[in-house]
**Q** 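Handing you this structure, nothing more for now.
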Amino acid sequence: MPGTTTSQHSPSSITGTLSVDQLFQTAFYNGRTPRSQEYKAGARMALEHRIEHKDLDMPYQAGTAAADAFFAGIEEGKTIWRTAIAKIGGVA
């Protein structure tokens, strides 16, 4: 369409350039406000879902503080993913 630009990256080529470990380590750097293991597990799982196409499995009982932290971490993981994709010119 005239006046419209599209990314030159296919979804698989974009995810091939991103690493769960790299994005996770960048987000949870030393010196950052500490987060719980459940929160970090949620963030990691969200990244694994997007990059490695892993299923989202709930390791905590619903209604617990651990599950709440896990779900909050998933939301941060989604944000980490969208930010990374935007930086390399893709569509999240």
Side-chain angles (χ1 to χ4, degrees):
M1 182 181 274
T4 303
T5 59
T6 58
S7 172
Q8 298 298 316
H9 302 285
S10 70
S12 61
S13 71
I14 289 172
T15 58
T17 63
L18 299 175
S19 155
V20 171
D21 288 334
Q22 179 184 21
L23 291 176
F24 186 83
Q25 292 301 323
T26 300
F28 294 98
Y29 58 90
N30 287 335
R32 176 186 165 160
T33 302
R35 303 307 272 171
S36 69
Q37 290 305 312
E38 296 86 357
Y39 184 94
K40 291 193 270 186
R44 178 175 280 284
M45 186 167 288
L47 293 171
E48 289 173 347
H49 176 70
R50 286 297 194 164
I51 296 170
E52 299 172 358
H53 309 289
K54 290 187 178 180
D55 290 336
L56 293 173
D57 296 321
M58 178 56 168
Y60 305 102
Q61 183 177 349
T64 64
D68 290 348
F70 180 78
F71 286 128
I74 286 177
E75 292 306 312
E76 180 167 353
K78 290 176 183 179
T79 299
I80 294 166
W81 168 256
R82 285 189 297 268
T83 301
I85 291 298
K87 284 183 181 180
I88 60 175
V91 178

**Q** So, do F28 and E76 sit near enough that their side-chain heavy atoms are less than 4.5 Å apart?
**A** yes
**Q** Show, in sequence, the C-alpha distance, side-chain angles and deciding distance for E48 and D55, and conclude whether the side-chain contact (heavy atoms from CB on, under 4.5 Å) test is met.
**A** CA-CA 8 Å; E48 289 173 347; D55 290 336; over 6 Å; no
**Q** Please give me the minimum heavy-atom distance between F24 and K40, naming the atom from each residue.
**A** CE1-O, 3.4 Å
**Q** Are L56 and W81 linked, directly or through intermediate hydrophobic residues, by side-chain heavy-atom contacts shorter than 4.5 Å (ILVMFWY only)?
**A** no
**Q** Does CD in E52 sit with more than 12 non-hydrogen atoms of other residues, nucleotides or ligands closer than 6.0 Å?
**A** yes
**Q** Look only at the side chain of R50 and the backbone of K78, and say whether a donor-acceptor pair between them is shorter than 3.5 Å.
**A** no
**Q** Where do F70 and P59 come nearest, in terms of heavy atoms and distance?
**A** CZ-CD, 3.6 Å
**Q** Which pair of heavy atoms, one from R35 and one from Y39, lies closest together, and at what distance?
**A** NH2-CE1, 3.0 Å
**Q** Identify the two heavy atoms, one from I74 and one from A46, that lie closest to each other, and give their separation to 0.1 Å.
**A** O-CB, 3.6 Å
**Q** Could you give the distance from CD (Q22) to CG (L47), rounded to the nearest 0.5 Å?
**A** 11.0 Å
**Q** Where do L18 and I85 come nearest, in terms of heavy atoms and distance?
**A** CD1-CD1, 3.7 Å
**Q** Identify the two heavy atoms, one from Y60 and one from A66, that lie closest to each other, and give their separation to 0.1 Å.
**A** CD2-CB, 3.7 Å
